A.B. asks: 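Let me begin by handing over the structure; questions about it come next.
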Protein chains: 2
Amino acid sequence: MNFQQLRAVREAIRRGYNLTEVAKVLHTSQPAISRQIRELEEELGVELFVRAGKRLTGLTEVGTVVVPLVENMLLDADNLRRAGEEYAGRDSGRLSIATTHSQARYALPDAVRDFRQRYPQVVLNLHQIPPHQVAEMLLSGEADVGIATEALASYEGLVTLPCYRWTHCVVVPQGHALLDGAPLTLARLAEHPIITYGSGYTGRLHIDDAFAAAGIAIDLVLTAMDADVIKTYVELGLGIVASIAYDPSRDRGLAALDAGHLFAVNLTRLAVRRGAFLRSYVFDFIETFAPPLKRDVVAQALASEPGTQPAEG
Amino acid sequence: MNFQQLRAVREAIRRGYNLTEVAKVLHTSQPAISRQIRELEEELGVELFVRAGKRLTGLTEVGTVVVPLVENMLLDADNLRRAGEEYAGRDSGRLSIATTHSQARYALPDAVRDFRQRYPQVVLNLHQIPPHQVAEMLLSGEADVGIATEALASYEGLVTLPCYRWTHCVVVPQGHALLDGAPLTLARLAEHPIITYGSGYTGRLHIDDAFAAAGIAIDLVLTAMDADVIKTYVELGLGIVASIAYDPSRDRGLAALDAGHLFAVNLTRLAVRRGAFLRSYVFDFIETFAPPLKRDVVAQALASEPGTQPAEG
DNA sequence: TATCCTTACGGAATTCGTAAGCATG
DNA sequence: CATGCTTACGAATTCCGTAAGGATA
């Protein structure tokens with residue numbers, strides 16, 4: 001048993017059982033991958049993959065049992081290497097952040113700029129993905145830090161920490177009827193066509209909940225994954241976006257109305273894989289992004305057992 | 001990085017940093033071990049071991065950080081192999097039990113006999129060790145199952161399950177003054193020299209507690225680690241042993257008096273390493289030994305997170 | 001001086017990549 | 001017939017064990 005074999009198995013699953021593709025990713029020849037998988041199977045005495053003729057098509061029962069172990073070992077190997085780099089005092093390294101458009105576009109730029117300045121040698125990798133994929137990237141080790149508002153809690157394998165709270169606001173074109181100074185209500189919003197986030201994105205759930213609780217039906221004309229798109233189409237009606245997405249100087253043609261009293265407060269969370277070894281620059285980045293998350297706070301959460309951390313902060 | 005290197009590191013720590021010894025244990029030459037350790041250190045860019053001249057003397061700070069990762073990987077590798085054996089339907093394998101004298105001598109024989117009959121191909125390894133070492137052997141992977149009355153709870157890395165409850169009894173030579181039929185009390189016991197288990201063994205704590213709570217001082221003339229020794233010396237006074245240790249047909253010269261009402265009930269526990277892959281014959285053995293511990297009960301406990309299991313059962 | 005680790009070197013074993021073969025959709 | 005896995009084989013690499021060297025208690 002060796003790590004190369006384990007990597008081949010892991011990558012075979014990730015790449016949909018296409019060994020040719022696996023070979024490319026692992027920078028080796030395809031027969032080598034075939035051999036590695038076959039030899040591991042021989043050593044274990046069991047087939048891990050289902051074969052249709054000569055083609056791999058899926059995992060066997062044993063395969064599904066065994067895969068978590070394989071991934072554990074490879075993640076630990078990564079941790080080991082990272083611990084080495086850390087103590088060797090190497091200033092180079094990787095910081096891979098998985099996050100949503102909202103965060104990447106509005107919340108992260110300052111922290112990223114500071115980080116780049118302080119750690120120029122660290123390769124910074126910003127993965128902009130849908131919220132529900134953030135957890136997966138963390139669990140697979142492809143990302144070191146995940147930041148999202150949705151779909152981060154309730155993973156045993158993740159440690160989740162509260163970053164900051166925010167509310168939605170309503171953006172309308174200049175001269176819109178809602179700018180008459182009268183108080184903003186759900187009923188008044190519902191009089192207009194609404195443009196906001198797709199479901200699962202950026203607090204969309206809280207928006208639906210508020211209207212549903214009030215028993216008000218809305219005319220949803222367009223949903224999008226990010227505030228920039230939403231703002232582009234605001235002339236079609238009114239837009240509901242995260243407050244941080246409105247910038248008076250940039251969005252000159254638009255006006256914003258605070259809607260913090262209409263929709264539930266959102267909590268953006270940061271997550272890391274439980275038990276991961278984090279380079280000290282990762283701790284620094286986290287603190288830059290969310291100052292209350294000091295190194296010892298994160299370290300303690302990281303070492304904690306599942307269930308011990310608070311759901312909210 | 002490869003597993004041979006990791007094994008060398010683990011064994012170096014276990015063998016007190018004597019690489020010559022490590023080489024013997026791992027069936028290779030001593031220079032090979034030297035190289036493996038050095039190459040791993042080079043790859044990580046950090047020294048894991050403290051060197052006094054050419055001799056290894058301990059772990060560096062990095063070393064202590066890194067060792068848990070190394071052990072994780074090696075334990076997972078064991079799990080992987082075992083999962084393979086299991087699904088390959090091999091009837092051979094290993095069952096390594098770490099337990100105390102009391103259990104090995106009185107509680108386990110029946111279960112062991114049945115097991116041997118049912119799984120003749122499985123090499124059964126019975127480690128008789130002091131209670132406080134049972135947990136260590138489980139955590140290191142040297143033992144698969146631990147059985148003891150003391151010092152098994154409160155390990156995060158172990159899953160502990162209640163097996164059975166038992167009480168102490170008093171053994172005296174035939175014709176002893178205590179055999180007058182009058183009720184047995186702590187005060188009456190204290191009139192005689194007492195022989196019982198050493199501290200930390202077989203419910204000794206409950207014996208001390210009972211006398212201490214009653215404010216009675218006792219004359220402890222001899223302590224031993226096992227009931228056989230205690231019984232041998234009973235003529236020097238009276239012995240307090242586990243009830244299961246008294247066998248009327250074998251211990252003809254002795255009489256036993258139930259002392260269940262004098263000392264707290266003891267709970268013997270069985271433990272396995274959390275997350276370990278257990279062969280099905282291991283589940284069978286556990287159920288044979290403690291019938292309430294059926295396969296699904298154990299499997300569920302095994303997969304549980306720390307803190308979720310009851311302290312007592 | 002005995003023990004223990006390192007270095008050096010030749011040989012064994014493993015592992016790799018290329019090329020050819022074969023099955024599947 | 002294009003894609004994808006396996007087999008075969010020579011080459012390169014890695015890894016090991018023996019033998020010799022040096023440091024420490």
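These numbers come from a predicted model, not from an experiment.
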A.B. asks: Between A:Glu43 (CD) and C:dT15 (P), how many Å, whole number?
C.D. replies: 10 Å

A.B. asks: For residues 9-23 of chain B, which residues have at least one heavy atom under 4.0 Å from DNA chain C?
C.D. replies: B:Tyr17, B:Asn18, B:Leu19, B:Thr20

A.B. asks: Closest heavy-atom contact between B:Ile286 and B:Val272?
C.D. replies: CD1-CG1, 4.4 Å

A.B. asks: Rounding to an integer number of Å, can you tell me how far A:Ile37 CD1 sits from C:dC16 P?
C.D. replies: 13 Å

A.B. asks: Rounded to whole Å, please give me the gap between CZ in A:Arg35 and P in C:dT18.
C.D. replies: 12 Å

A.B. asks: Can you tell me the distance, in whole Å, between the CG atom of B:Asn2 and the P atom of C:dA13?
C.D. replies: 19 Å

A.B. asks: Compare side-chain N and O positions of B:Ser34 against OP1 and OP2 of C:dT6 and report whether any pair is under 4.0 Å apart.
C.D. replies: yes

A.B. asks: Let's see if you can work this out: which of C:dT7, D:dC16, C:dC4 has an atom nearest to the side-chain heavy atoms of B:Thr28?
C.D. replies: D:dC16

A.B. asks: Do A:Glu142 and A:Ser96 have side chains that approach each other closer than 4.5 Å (heavy atoms only, starting at C-beta)?
C.D. replies: no

A.B. asks: Go nucleotide by nucleotide along DNA chain C from the 5' end; which of A:Ala52 and A:His27 gets its closest nucleotide reached first?
C.D. replies: A:His27

A.B. asks: Counting only side-chain N and O atoms of B:Arg51, is one of them less than 4.0 Å from OP1 or OP2 of C:dT6?
C.D. replies: yes

A.B. asks: Rounding to a whole Å, what distance do you find between B:Gln30:CD and D:dA19:P?
C.D. replies: 15 Å

A.B. asks: Identify which nucleotide among D:dG21, D:dC16, C:dT18 has an atom closest to any side-chain atom of B:Lys54, counting heavy atoms from C-beta outward.
C.D. replies: D:dG21

A.B. asks: Tell me if a side-chain donor or acceptor on B:Arg82 pairs with a main-chain N or O of B:Arg279 at a distance below 3.5 Å.
C.D. replies: no

A.B. asks: Rounded to the nearest angstrom, tell me the gap between atom CZ in A:Phe3 and atom C1' in C:dT15.
C.D. replies: 18 Å

A.B. asks: Rounded to whole angstrom units, what separation is found between the CD1 atom of B:Ile33 and the P atom of C:dT7?
C.D. replies: 16 Å

A.B. asks: Scan A:Gln36 against the nucleic acid and name what it touches under 4.0 Å (heavy atoms): base, sugar-phosphate only, or nothing.
C.D. replies: sugar-phosphate

A.B. asks: Between C1' on C:dT6 and CZ on B:Phe49, what's the gap in Å once rounded to a whole number?
C.D. replies: 16 Å

A.B. asks: Please tell me if the side chains of A:Arg35 and A:Arg38 come closer than 4.5 Å, counting only heavy atoms from C-beta onward.
C.D. replies: no

A.B. asks: Identify which nucleotide among D:dT24, C:dT7, D:dT7 has an atom closest to any side-chain atom of A:Arg38, counting heavy atoms from C-beta outward.
C.D. replies: D:dT7

A.B. asks: Kindly point out which of C:dC5, C:dT18, C:dG17 is positioned nearest to the side chain of B:Arg55?
C.D. replies: C:dC5

A.B. asks: Would you call the rings of A:Tyr87 and A:Phe277 parallel, tilted or perpendicular, where under 30° means parallel and over 60° means perpendicular?
C.D. replies: tilted

A.B. asks: What nucleotide among D:dT18, D:dC15, D:dC16 has an atom nearest to a side-chain atom of B:Pro31?
C.D. replies: D:dT18

A.B. asks: Checking the side chain of A:Gln103 only, and the main-chain atoms of A:Thr100 only, is there a donor and an acceptor separated by less than 3.5 Å?
C.D. replies: no

A.B. asks: Report the relative orientation of the aromatic rings in A:Tyr119 and A:Tyr281; use parallel for angles under 30°, tilted for 30 to 60°, perpendicular for over 60°.
C.D. replies: tilted

